[in-house]
Novice: 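Questions regarding the structure given below will be posed in turn.
This structure is a prediction, so every number in the text was calculated from the model and none was measured. Labels below follow one simple rule: chain letters A, B, ... track the order of the sequence lines, proteins then strands, and each chain is numbered from 1.
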Amino acid sequence: MERTLISEIGSLEGIVTVLGWAQEIRILKNIAFLIVRDVTGQCQVTIKGKIDGVDIPSITRESVIQVKGKIVKNSQSKSGPEILATEITVLNNSLSPLPLAPFDPVNADIETRLNNRFLDLRKREHLAIFRIKSSLMFGIREFLHSQHFIEVQTPKIVSSATEGGADLFQVQYFDQKVYLNQSPQLYKEILISSGFDRVFEVGPAFRAEKHNTVIHLNEFTSVDIEMGFSNHEDAMAMLEGAVKSAIATMQKDNPQDLSVLNVKIEKYERQFPRITFNECLTLLEKEGVMHSANVDFSPEDLRIIGSNFDGFYFITKWPSSLRPFYTMPDETDPGITNSFDLQFKDKEVTSGAQRVHDPELLRKRFAAKELNPVDFDFYLKAFEFGMPPHAGWGLGLERLTMILLGLKNIRECTIFPRDRTRLKP
RNA sequence: GCCCCGAUAGUGUAGCGGUCCAUCAUACGGGCCUGUCGAGCCCGUGACAUGGGUUCAAAUCCCGUUCGGGGCGCCA
């Protein structure tokens, strides 16, 4: 279709054709104005006198229209560049009233917004969130490719739990009961045995936890890596590189989106600080919080710990009891592990570790976690025929987006979120 | 799984036993206005989730149901 993007109008002159949504319609006695929006911005369409074939007052808000007209130089418009219309065509009418008016002064509840997500996403701020999320992912991908990672796809329909204990969604698979995968963990490790050396996967992860919070979803995007001939230190360095690349890409490609959201993010050039699990306990004690060594931190604990850091930091050396069976124990102290979480203030963004590569040790760990090795036969087999030492991590893409943009609810950066109650749209 | 809380016009809200055939804003319809831009001014349309109970009287109090929100636990 013949089309001029609204962002290009400022540098053009003469006749253009703009395609977009009629965001506002203001009719005065002898003149009318439309604010028309497309993905690149908004402009003002001015209508003087009659235009053949179109009844301006009958145009409803959010209808899709085509406007041909002359660019007005030295415009007084405060709503972007101005076009004096010569032809207007309604390409598709919008019903009225709108179930949610994204451009009204009143803000709708997130519930109403999600019920009418297609309309909600017409807001510039919401578009900005998803452009940024896209850039963050691009930055991570670019970095991992530069480090010779192979992007892979592993099954989401699986026969057994990845880590045991966690709640999985059961689905009917012909005449069998199977599950939606909570993590690509077992498969990416198997690929290390296959000699792929470095793999990553971006895909959905499903958790059947009945949680009801602003930082959890039942389906989220997991960015997972696994690297052979590596330990937790290597994995942490890779994570730091990936996160910094994500931020740098966003800063380079999305300055306007960041400004629409009023978000200022510093360049993360310095090293992410580190604190061990035990040091966290000491820190909590100083604040008068007694914390047991085999209990995970509560949100309140993490607020206290996080208040000691500006942004990103690692919590390392987690106790074995709090980590999955595949986590490598420390060489000198088997009670703790070669593991880490990447935190941003009070929120966990990534969890990672060096993994167990010795099948004998793996069997012992199954026993310690009361898991049945038979359920993991296909996984264990890959360890019996030459499995390199390896390490990796899993990062929640929505969590990363949320914390960097300071969003209050993870649903804000999920196009169609799946939570405990929401299955539509 | 546990614990709190909520449901009033398209949207967002006020009201929390009679003064409510329900407030205000916004949207919508109509009118006025020679350039507006959160346009303005006037008029109008439009709602108490659902079932039961208490009471002379229920949007308001009690119980159930449905739908939803938040926190904890678990985790990305």
Novice: Before accepting this row, confirm whether a basic side-chain N of the pair A/Arg274/A/Glu233 lies closer than 4.0 Å to the acidic partner's carboxylate O.
Specialist: yes

Novice: Under 3.5 Å, which donor-acceptor pairs do the side chains of residues 335-344 of chain A form with other protein atoms, sequence neighbours left out?
Specialist:
{"from": "A/Thr337", "atom 1": "OG1", "to": "A/Trp318", "atom 2": "O", "distance (Å)": "2.6"}
{"from": "A/Thr337", "atom 1": "OG1", "to": "A/Ser339", "atom 2": "OG", "distance (Å)": "2.6"}
{"from": "A/Asn338", "atom 1": "ND2", "to": "A/Gln354", "atom 2": "OE1", "distance (Å)": "2.9"}
{"from": "A/Ser339", "atom 1": "OG", "to": "A/Trp318", "atom 2": "N", "distance (Å)": "3.2"}
{"from": "A/Ser339", "atom 1": "OG", "to": "A/Arg323", "atom 2": "NE", "distance (Å)": "3.4"}
{"from": "A/Asp341", "atom 1": "OD1", "to": "A/Arg323", "atom 2": "NH1", "distance (Å)": "3.2"}
{"from": "A/Asp341", "atom 1": "OD1", "to": "A/Arg323", "atom 2": "NH2", "distance (Å)": "2.7"}
{"from": "A/Asp341", "atom 1": "OD1", "to": "A/Ser351", "atom 2": "OG", "distance (Å)": "2.9"}

Novice: Establish whether the base of B/C74 is bridged to the side chain of A/His216 by a donor-acceptor pair shorter than 3.5 Å.
Specialist: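 In this structure, the two groups form a donor-acceptor pair.
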
Novice: Kindly say if A/Asn116 contacts the phosphate of B/G10, meaning a side-chain N or O under 4.0 Å from OP1 or OP2.
Specialist: no

Novice: What distance do A/Cys280 atom SG and A/Leu302 atom CG have between them, rounded to the nearest 0.5 Å?
Specialist: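 Spacing of SG (A/Cys280) from CG (A/Leu302) equals 8.0 Å.
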
Novice: Under a 4.0 Å N-O cut-off, is there an ion pair linking A/Glu240 with A/Lys244?
Specialist: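 Between A/Lys244 and A/Glu240 there is a salt bridge, with a charged N closer than 4.0 Å to a carboxylate O.
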
Novice: Sticking with atom C1', work out how far B/U55 lies from B/G18, rounded to a whole angstrom.
Specialist: 11 Å

Novice: Checking all strands, does A/Asp120 fall into the base, sugar-phosphate, or nothing category for heavy-atom contacts under 4.0 angstrom?
Specialist: nothing

Novice: For Watson-Crick and G-U wobble pairs within 3.5 Å on both distances, what is RNA chain B written in dot-bracket notation, | included for inter-strand pairing?
Specialist: (((((((..(((.....[.....))).(((((.......)))))....(((((..]....))))))))))))....

Novice: Are any protein N/O atoms closer than 3.5 Å to N/O atoms in nucleotides 43-49 of chain B? If there are, list each pair with its distance.
Specialist:
none

Novice: From the set B/C75, B/A76, B/G68, return the single nucleotide nearest to any side-chain atom of A/Asp296.
Specialist: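 The listed nucleotide nearest to A/Asp296's side chain is B/C75.
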
Novice: How many whole angstroms separate atom CG of A/Leu302 from atom C1' of B/C75?
Specialist: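 From A/Leu302 CG to B/C75 C1': 11 Å.
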
Novice: Considering every strand and a 4.0 Å limit on heavy-atom distances, what is the contact class for A/Val223: base, sugar-phosphate, or nothing?
Specialist: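 A/Val223: no heavy atom of the nucleic acid under 4.0 Å.
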
Novice: Roughly how far apart, to the nearest Å, are B/G15 and B/U8 at atom C1'?
Specialist: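 Going atom to atom, C1' in each nucleotide, I get 9 Å.
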
Novice: Ignoring the backbone of A/Ser298, work out which of B/A39, B/U11, B/G73 is nearest its side chain.
Specialist: B/G73

Novice: Can you sort out which residues in residues 336-350 of chain A have a heavy atom within less than 4.0 Å of RNA chain B? Ascending by number, please.
Specialist: A/Glu348, A/Val349, A/Thr350

Novice: How does each nucleotide of nucleotides 24-36 of chain B score, in 5' to 3' order, for protein heavy atoms under 4.0 Å: base (B), sugar-phosphate only (S), or none (-)?
Specialist: --SSS----BSBB

Novice: So which protein nitrogen or oxygen atoms get under 3.5 Å of nucleotides 64-67 of chain B's nitrogens or oxygens?
Specialist:
none

Novice: When we call it a touch if two heavy atoms are under 4.0 Å apart, what does A/Leu217 touch: a base, just sugar-phosphate, or nothing?
Specialist: base

Novice: Please report the distance, rounded to the nearest Å, between CD1 in A/Ile25 and C1' in B/G38.
Specialist: 16 Å

